[in-house]
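We count ligands from 1, going down the list as the structure has it; atoms in each ligand are counted the same way.
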Amino acid sequence: MSTLKAILWDVDGTLADTERDGHRVAFNIAFEEAGLNRRWDVSTYGELLKVTGGKERIRYDIQRGDMPEMSNEQIARLHARKTQAYQELIAEGRIPLRPGVRRLLEEAFSAGITLGIATTTTPAALNALIEHSLGPEWFERFAVMAAGDIVPSKKPAPDIYLHAMEQLGLSPKETLAMEDSENGLLSAKNAGLRCIVTVNDYTQNHDFKEADLVISTLGDPEQPCTALKNPHNLQGLEYITLQHCQSLFVKM
Ligand code: XBP
Ligand code: MG
């Protein structure tokens, strides 16, 4: 038996639905300004999400012949402009948090659970979302904000979770991951964590066999969630509480 001490949160798709109307739009703005003809439509972007990291995603599109050759430096410049465009979109407040995210974060924080971030996105993009969608007080409340190129390999590699746990002096036995995608789940599981998955339009058909719970959202009293996979047979899943998270640990 072990005890839940920390929850590490993925960002894109988990805290907020940032991909379709945030990152994707920002990539297209950067492509247009750079004089490139390439645009990532909603379904193409869904395919490209299997590659984590924005620079890596651009490189993949080049390698498969859908964008012109570019040096790493040119990719980095293009991606820097994309990040700027993304920050501007987020500053408009157009991407709200997903249902239940604020409620569960507040509940866990008040209960003294350590909270952190483990994401493949760029720190500047993460900071914009915290500032404008979550609230600046959360810069202090997250005990670790592990993001982007800080580790050698992005999700599905375990690196970012291992890094965050190392920073906090925590073991995987006492840490829960919140994810939305197969790559995210694999990253958490490769690091030995338990993992709750909230699906979204881009990830609902991913393989979540290894997840400890798969739900439509974290839910709220006025916006209940649907359980899609509940291997530990948790009860009362209208919305996910800290007690649900803790019971994943007590039972195993
Ligand atoms: C999702 C990603 C990111 C974003 C784009 O990250 O793969 O690459 O799509 O962000 P997560 P950048 O779900 O781990 O938060 O362009 O800043 O890489
Ligand atoms: Mg994600």
key: Partners meeting salt bridge (charged side-chain N to carboxylate O under 4.0 Å, His left out) with D159 (sequence neighbours left out)   = none
key: With sequence neighbours excluded, residues passing salt bridge (charged side-chain N to carboxylate O under 4.0 Å, His left out) with E32   = none
query = Of T217, D180, L228, which meets side-chain contact (heavy atoms from CB on, under 4.5 Å) against V199?
reply = L228
task = Please name the residue in the list I62, L48, I75 that meets the side-chain contact (heavy atoms from CB on, under 4.5 Å) test with R57.
result = L48
inquiry  = Give me the atom names and distance for the closest heavy-atom approach of R194 to L248.
reply    =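 Answer, listing the atom of R194 first, then L248: NH1-O, 3.5 Å.
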task = Check T241 against E107 and note the closest heavy-atom contact, atom names and distance.
result =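 The answer is CA-OE1, 3.7 Å.
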ask   = Is any NZ, NE, NH1 or NH2 atom of the basic residue among K229 and D212 found under 4.0 Å from an Asp or Glu carboxylate oxygen of the other?
value =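 No, this pair does not count.
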key: Those protein residues which place at least one heavy atom below 4.0 Å from ligand 1   =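 Those residues closer than 4.0 Å to ligand 1 by some heavy atom are D10, V11, D12, E19, H23, F27, Y45, T52, G53, G54, R57, H79, K82, T119, T120, T121, T122, K155.
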task = Tell me the protein N, O or S atoms under 2.8 Å from the Mg ion (ligand 2), in chain and number order.
result =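 Hits for the Mg ion (ligand 2) below 2.8 Å: D10 OD2, D12 O, D180 OD1.
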request  = Give me the one residue out of R98, R103, R102 that meets salt bridge (charged side-chain N to carboxylate O under 4.0 Å, His left out) with D220.
outcome  = R103
inquiry  = So that I know where these two stand, are F109 and W138 an aromatic pair - ring centroids less than 6.0 Å apart?
reply    = yes
